[in-house]
Amino acid sequence: MPELPEVETIRLGLDELIVGKTIDQVLVINPSSFPNKSVEVDRYLIGASVEKLKRRAKILIIDLSTEYALVIHLKMTGQLVYVNHQHRFGAGHPNDSLVGSLPDKSTRVILHFDDNSTLFFNDQRKFGWVKILPKYLLTDTNFFKLYGPEPLQKKFNLATFKSQLLKHSKTSIKAALLNQSIIAGIGNIYADESLWLARIHPKSLIIDLTDDDVARLFKSIIAVLKLSLQKGGSTSRNYLDAKGNKGNYLKFANVYGREGQPCLNCGQPIIKIRVASRGTHICLKCQQLK
DNA sequence: CACTTGACCTGTCCGC
DNA sequence: TGCGGACAGGTCAAGT
């Protein structure tokens with residue numbers, strides 16, 4: 001599920017909701033969802049408070065007041081939803097209905113705070129995970145050493161993007177965008193959206209792209225990610241933010257989920273093909289293979 | 001070596 | 001209505 005805009009939306013929500021709160025209970029309902037949890041690590045968690053929320057690529061980091069952090073990957077269907085039993089958002093806010101419905105059968109880990117509020121880690125497909133790790137390991141030279149640049153950071157520029165792509169010149173551009181070591185945070189939805197906006201066929205080999213193609217793609221990636229972040233991410237099936245809201249980006253999507261519908265640039269029907277063994281949405285007229 | 005494919009899981013949808 | 005198969009936002013290990 002969550003790609004960069006979704007994880008960032010969750011991070012912003014949790015930043016409002018849980019900073020300063022103290023953990024008083026951790027329940028692991030599905031042990032493989034928290035692979036390094038043990039009785040001993042309870043003492044690093046219980047009594048610790050939440051210091052800061054961070055994100056690197058699609059990974060969320062909850063820095064605690066101790067030497068440790070909770071590191072979370074939501075993979076395809078993970079959710080982190082906060083519920084405060086003393087607080088209602090009101091006016092039909094989706095969070096209010098979660099008060100009674102969580103935990104549910106996809107709840108894998110529960111973090112409980114001493115103000116009686118709760119953070120639920122739900123994950124239908126069980127691919128996601130929570131780990132506790134010492135903060136000092138969570139750097140780009142250690143835990144994140146296989147991750148490429150963050151596309152929304154100021155220091156990410158066209159020259160960096162181009163040199164990252166050229167490390168893998170014989171692969172398709174779509175596979176490259178999905179490769180977290182080339183550029184961090186892009187997944188299937190935003191790969192398709194960025195390639196459509198840049199008018200590039202996803203099967204194009206990197207070596208065949210012109211400088212102009214790469215420049216358009218660079219701009220398109222940033223535009224697409226920023227728009228999605230502004231819309232609170234994409235909800236295709238499962239995604240919810242920390243308050244239980246769905247994302248609104250897919251209403252603005254140009255190709256993802258629009259197979260059979262007219263291309264918003266030329267009117268030809270969008271088709272769905274397979275590239276890098278992922279479902280891939282394109283307009284054949286606007287995105288011609290080189 | 002660089003690159004691609006299956007496997008991990010659960011649930012849903014579509015065609016017969 | 002039931003059943004099998006394909007597919008779903010991600011990432012690895014294992015294959016070519």
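Throughout, protein chains are lettered first and strands after them, A, B, ... in sequence-line order, and every chain is numbered starting at 1.
Proximity of residues 241-256 of chain A to DNA chain C (heavy atom under 4.0 angstrom from any strand atom) is restricted to A/Tyr256. Residues of residues 119-130 of chain A having a heavy atom closer than 4.0 Å to DNA chain B, listed by number: A/Gln124, A/Arg125, A/Lys126, A/Phe127.
Here A/His73 reaches the OP1 or OP2 of C/dT11: one of its side-chain N or O atoms lies under 4.0 Å away. Phosphate contact (OP1/OP2 of B/dT4, side-chain N/O of A/Lys170, threshold under 4.0 Å): absent.
Nearest heavy atom pair, residue A/Gly279 against residue A/Arg274, reads N-NH1, 3.8 Å. Scanning both residues, A/Arg11 and A/Leu53, for their nearest heavy atoms gives NH1-O, 3.2 Å. Annotation for A/Ile61 and A/Ala69: closest pair CG2-CB, 3.9 Å, computed over non-hydrogen atoms. Nearest heavy-atom pair, A/Asp123 versus A/Gly128, reported as atom, atom and distance to 0.1 Å: OD2-N, 2.8 Å. When all heavy atoms of A/Gln79 and A/Leu74 are compared, the pair lying nearest together is N-CD2, 3.9 Å.
In this structure, CG of A/Leu178 is placed 9 Å from P of C/dT11, rounded to the nearest angstrom. Rounded to an integer number of Å, the gap from A/Glu3 CD to C/dG10 C1' is 9 Å. Taking atom CZ of residue A/Arg278 and atom P of nucleotide B/dG6, one finds them 14 Å apart after rounding to whole Å. A/Glu6 places its CD atom 14 Å from the C1' atom of C/dA8, with the value rounded to the nearest Å. Spacing between atom CG of A/Asp104 and atom C1' of B/dG11 amounts to 13 Å, rounded to whole angstrom units. Between A/Leu177 atom CG and B/dT4 atom P there is a gap of 13 Å when expressed in whole angstrom units. Going from atom CG of A/Asn179 over to atom P of B/dA2 covers 12 Å, rounded to whole Å. Between the C1' atom of B/dT12 and the CE atom of A/Met76 lies a distance of 14 Å, rounded to the nearest Å.
Among residues at least two apart or in separate chains, salt bridge (charged side-chain N to carboxylate O under 4.0 Å, His left out) pairs with a member in residues 148-167 of chain A are A/Arg55-A/Glu150, A/Arg56-A/Glu150, A/Lys162-A/Asp211.
Comparing the same atom, P, in B/dC14 and in C/dG9 gives a spacing of 16 Å after rounding to whole Å. Using atom C1' as the reference point in both B/dG6 and C/dA6, the two lie 15 Å apart (nearest Å). On the P atoms, B/dG11 is 22 Å away from C/dT11, given to the nearest whole Å.
Looking at heavy atoms from C-beta onward, A/Phe34 lies in side-chain contact with A/Leu70 at the 4.5 angstrom threshold. No side-chain heavy atom of A/His201 sits under 4.5 Å from any side-chain heavy atom of A/Lys290.
One distance of note links CD1 of A/Ile110 with CG of A/Leu102; it measures 8.5 Å at 0.5 Å rounding.
Residue contacts shown for A/Ser234 include a base, since a base heavy atom lies under 4.0 Å away. Within the nucleic acid shown, A/Ser236 comes within 4.0 Å of at least one base atom, counting heavy atoms only.
A salt bridge does not link A/Lys145 to A/Asp140: none of the charged side-chain nitrogens sits closer than 4.0 Å to a carboxylate oxygen. The pair A/Glu6-A/Lys58 fails the salt-bridge criterion, with no side-chain N (NZ, NE, NH1 or NH2) lying under 4.0 Å from an Asp/Glu carboxylate O.
Cation-pi geometry between A/Lys231 and A/Phe252 is satisfied (NZ or CZ under 6.0 Å from the ring centre, within 45° of the ring normal).
Among the nucleotides B/dT5, C/dC12, C/dA8, the one closest to any side-chain atom of A/Ser277 is B/dT5.
Of the residues near DNA chain B, A/Ser169 and A/Arg237, the one whose nearest nucleotide (by heavy atom distance) lies more toward the 5' end is A/Ser169.
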Please produce a list of atom pairs where a protein N or O lies less than 3.5 Å from an N or O of nucleotides 14-16 of chain C.
none

Dump the pairs, protein N or O against N or O of nucleotides 5-7 of chain C, anything under 3.5 Å, distances to one decimal.
none

Its dot-bracket string being built from Watson-Crick and G-U pairs below 3.5 Å, with | for another strand and [ ] for crossing, DNA chain C has the pattern .|||||||.|||||||

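Under a 3.5 Å cut-off, the side chain of A/Gln164 and the backbone N or O of A/Ser181 do form a donor-acceptor pair.
Between A/Phe156 and A/Phe161, the ring planes lie perpendicular to each other; the angle is over 60°, past the 30° to 60° tilted range. Ring planes of A/Phe144 and A/Tyr147: perpendicular class, angle over 60° (limits at 30 and 60°).
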